[in-house]
Student: 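Pasting in a structure now, in structure tokens, and then I'll have a few things to ask.
Naming: A, B, ... by sequence-line order, numbering from 1 per chain.
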2 protein chains.
Amino acid sequence: MAAMTTDQKLVIAASALLDSGGDEAVTLRAVGRAVGVSHNAPYKHFESRNALLAAVAVAHFATLTDMFRTIRRSAAKPTTKLKRAFKIIIDCGHENPARYRLLFSNPDIAAQGGELERTALATFGEFAEIVRECQSAGQLPGISNKALTGLLFSTMHGLIDREASGRMRPDKGLSGVRPSMDLLIQLLSPNK
Amino acid sequence: MAAMTTDQKLVIAASALLDSGGDEAVTLRAVGRAVGVSHNAPYKHFESRNALLAAVAVAHFATLTDMFRTIRRSAAKPTTKLKRAFKIIIDCGHENPARYRLLFSNPDIAAQGGELERTALATFGEFAEIVRECQSAGQLPGISNKALTGLLFSTMHGLIDREASGRMRPDKGLSGVRPSMDLLIQLLSPNK
DNA sequence: ACCTGAACACCGTTCAAGT
DNA sequence: ACCTGAACACCGTTCAAGT
């Protein structure tokens, strides 16, 4: 932590504030205080608060890509790989809801394009390859890989977001994201 | 508009501001200005800004329930009814994204519970009945109605939210919410 | 190159005071 | 009962100025 640039320190501080206090806790004043600079020093490193948050998102997307790649290269069965990939995203939604929303549900951040868009597409691409393995193994329908990946990812995202929004009460008959995804996989399986 | 209470005027003004300028445009100062009262007059009618937004959501949920009920009571085929119900929500997501997020993706609003929760559950219930008709007609799997409804609704929500967040670029192989939902219905159909 | 302090134009919310 | 005006404690952002 000695050899860390101010840029990195700012991103790390912003990420910690996001996880501990949610989006509105990431004020430039709090970030500056955590790093030991003034509240407008971040403007010397990032164009705006949104640009700083986009840098946080880039770092997390890169980590997700690595985790997905590790899963894909493992010796597990395709469906096991898929469930592990699901679990990573679902756990993120549960443990760090503000971070999840930054990555997957924030129009202002996604609109920045550039490096963020590239990194996010890489994450999606790794996920798509795991889906492809399931298709090749006959565990998922042999339709367009991208269409199926988008459908699965969107369903998972919808379930996570609805649960985080408090709109998936038990009386709605949905016990959670995981069982719902298991149900979907089962319904989609070509083997009966 | 003569015989309108101040409460109603505030809700209507807030809703209009939400649709035209997004969530951050709904400031109590702007709402007050639109109605012709001071910027803190709303506090005499609602506990907070969030309570005012919750009242906006209640009004829209009630409208959605009515529209779903009308569809359900029509003479159309079950799958046609379902597609019309989808279309109403999808159109809302496209035409009034901020309103859509208020209704379906805002944890702070949903956390208010009370009348909002009841109204939202009624909307969901009407939707579930349309899904049930499709199940009875053999167009959708005969599993738990609530589980299937939640799955369909979550998928639609995930697709809408990902599109609104700018994360469903054409190069991801997804041409839009509607075709993706059609694909899902087709994949889920018991008839082959 | 990098940072600071003061300032600006906003917020939601509170409160004493008016009718 | 209902509303107002001033005030408070925040924001993101800008800018002149310092080293």
Student: Sequence neighbours excluded, which residues qualify as side chain to side chain contact (heavy atoms under 4.5 Å, CB included) partners of A:T80?
Tutor: A:A76, A:K77, A:R84

Student: Just to verify, which of A:F104, A:F127, A:F68, A:F124 counts as forming a ring-ring contact (aromatic ring centres under 6.0 Å, His included) with A:F61?
Tutor: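 The passing option is A:F104.
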
Student: Thinking salt bridges, do B:D161 and B:R167 make one under a 4.0 Å N-O criterion?
Tutor: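 Salt bridge: no.
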
Student: Any ion pair linking B:R72 and B:E133 (charged N to carboxylate O, less than 4.0 Å)?
Tutor: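 Looking at B:R72 together with B:E133, the answer is no, because their closest N to O distance does not fall below 4.0 Å.
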
Student: Decide, yes or no, whether a salt bridge links A:D91 with A:R178 under the criterion of side-chain N to carboxylate O below 4.0 Å.
Tutor: no

Student: Between B:Y100 and B:H157, does the ring centroid distance fall short of 6.0 Å?
Tutor: yes

Student: Which letters describe nucleotides 6-19 of chain D, given B = protein heavy atom under 4.0 Å from base, S = only from sugar-phosphate, - = neither?
Tutor: BB---BBBBB----

Student: Whether the side chain of B:S165 engages the backbone of B:R162 through a donor-acceptor N/O pair (distance < 3.5 Å, no angle test) should be reported.
Tutor: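 Judged by distance alone, no pair lies under 3.5 Å.
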
Student: Closer than 4.0 angstrom, basic N to acidic O: yes or no for A:R118 and A:E115?
Tutor: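 So A:R118 does not pair with A:E115 through a salt bridge.
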
Student: For DNA chain C, which consecutive runs of 3 or more Watson-Crick or G-U pairs (each distance under 3.5 Å) count as stems?
Tutor: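 So the stems come out as C:4-8 with D:12-16, C:12-16 with D:4-8.
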
Student: Determine: side-chain N/O of A:T6 to OP1/OP2 of C:dA1, distance under 4.0 Å, yes or no.
Tutor: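 No, A:T6 has no side-chain N/O under 4.0 Å of OP1/OP2 on C:dA1.
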
